[in-house]
Amino acid sequence: MINDSIDLLSAIEIETGACPTYAIVWLHGLGANGSDFVPIVNELELLSEKSIRFIFPHAPERPVSLNNGYIMRAWYDIFRPDFRNYQDESGIRSSQKMIDVLIEREIQRGIDSKHIVLAGFSQGGAMALQAGLRQTNPLAGIIALSSYLPLMETLSTEACAVNASIPIFMAHGIYDAVIPIAHAIASRERLLAANYPLEWYEYPMDHTVCQQEIVDISQWLQRIIEPVA
């Protein structure tokens with residue numbers, strides 16, 4: 001049941017057909033908004049018989065400490081460049097609850113939770129991992145691009161058993177100076193140690209998304225999302 005005490009995030013919605021039976025919730029990065037990844041709907045070139053609702057929520061606006069307190073859309077605050085050791089736990093958990101509400105709304109709209117994918121870039125990818133691994137409803141998969149696993153030390157006690165085998169797509173640029181690939185690799189190793197079925201991809205790029213990455217995401221989604229009967 002939707003938590004009435006938590007505001008539903010505003011979002012852009014795009015449906016690829018009538019009566020969607022799948023949903024992909026795509027979370028943007030720091031300082032962007034939901035429109036940032038709207039073009040990916042067509043770029044993924046998913047099969048036409050799959051009716052999918054893409055949901056691109058807008059993160060709340062908040063001051064970001066690392067950017068001199070400038071107010072921007074962010075899933076959580078960034079205190080220092082060493083963001084893995086100085087994490088905004090309250091902000092992360094607050095956004096997790098907002099994402100949980102989005103998932104619950106899709107279930108109430110008739111989407112089986114096993115047909116819901118959480119995806120995100122940068123901060124959005126971190127939140128996809130944070131919320132997806134702790135989600136009490138079984139999900140279809142998680143996509144984390146140019147990202148890392150937040151609150152890593154609490155995962156073992158907070159991970160939900162219903163998503164113990166959730167497929168994970170992780171990708172990163174080897175020249176990423178915003179979130180160094182070493183952070184993503186450490187996250188990958190933590191998830192593999194917990195026996196999550198994770199696929200890892202890296203590309204000769206910085207903190208962005210490249211065409212080959214989109215092709216790889218599309219192929220992964222084609223395996224995750226089964227055709228509508």
S.K.: Looking at side-chain heavy atoms only, is the closest gap between Met152 and Ser187 below 4.5 Å?
M.R.: yes
S.K.: Taking Arg53's backbone N and O only, do any of them form a donor-acceptor pair with Glu13's side chain (distance below 3.5 Å, no angle check)?
M.R.: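 Not at all, since once roles are kept as given, no pair shorter than 3.5 Å links the two residues.
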S.K.: If the plane angle is over 60° it's perpendicular, under 30° parallel, otherwise tilted; pick one for Phe121 and Phe37.
M.R.: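 Answer is tilted, since the angle falls between 30° and 60°.
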S.K.: Would Asp88 and Ser90 satisfy side chain to side chain donor-acceptor pair (under 3.5 Å), going step by step from the backbone distance to the final call?
M.R.: CA-CA 6 Å; Asp88 175 19; Ser90 63; 3.2 Å; yes
S.K.: Would one find more than 12 heavy atoms of other residues, nucleotides or ligands at under 6.0 Å from atom OH of Tyr86?
M.R.: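 Open.
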S.K.: Are the side chains of Ile24 and Leu221 in touch, meaning some heavy atoms are under 4.5 Å apart?
M.R.: yes
S.K.: So, for Ser122 and Ile179, which heavy atoms are closest and what is the spacing to 0.1 Å?
M.R.: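 Shortest heavy-atom separation between Ser122 and Ile179 comes out as OG-CD1, 3.6 Å.
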S.K.: Is any side-chain heavy atom of His115 closer than 4.5 Å to one of Ile225?
M.R.: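 No, too far: nothing below the 4.5 Å cut-off.
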S.K.: Might you point out which heavy atoms bring Asn33 and Arg73 nearest each other, and give the distance in Å?
M.R.: CB-CD, 3.8 Å
S.K.: Of all residues at least two apart in sequence or in a different chain, which pass the side-chain contact (heavy atoms from CB on, under 4.5 Å) check with Ala144?
M.R.: Leu129, Ser147, Met170
S.K.: Does Asp206 have any side-chain contact (heavy atoms from CB on, under 4.5 Å) partners at least two apart in sequence or in another chain, and if so, which?
M.R.: Thr208
S.K.: Any heavy-atom pair between the side chains of Ile181 and Asp176 that's under 4.5 Å?
M.R.: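 In short, these two side chains do not touch, never coming nearer than 4.5 Å.
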S.K.: Could you give me the CA-CA distance, side-chain angles and deciding distance for Gln219 and Arg223, then say whether side chain to side chain donor-acceptor pair (under 3.5 Å) is met?
M.R.: CA-CA 7 Å; Gln219 292 176 349; Arg223 300 197 304 269; 5.5 Å; no
S.K.: Is the ring pair Trp75/His28 parallel, tilted or perpendicular, if the boundaries are 30 and 60 degrees?
M.R.: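 Rings of Trp75 and His28: tilted, as their planes differ by 30° to 60°.
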S.K.: List for me each residue that meets side-chain contact (heavy atoms from CB on, under 4.5 Å) alongside Ser218, sequence neighbours excluded, and say none if there are none.
M.R.: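 With sequence neighbours excluded, Ser218 shows a side-chain contact (heavy atoms from CB on, under 4.5 Å) to Leu44, Leu46, Gln222, given in chain and number order.
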S.K.: Evaluate the side-chain proximity of Leu8 to Leu102: yes if any heavy-atom separation is below 4.5 Å, no if none is.
M.R.: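 Counting from C-beta outward, Leu102 and Leu8 do come under 4.5 Å.
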S.K.: Is the number of heavy atoms from other residues, nucleotides or ligands under 6.0 Å of Tyr175 OH greater than 12?
M.R.: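 For Tyr175, atom OH is not crowded (no more than 12 foreign heavy atoms under 6.0 Å).
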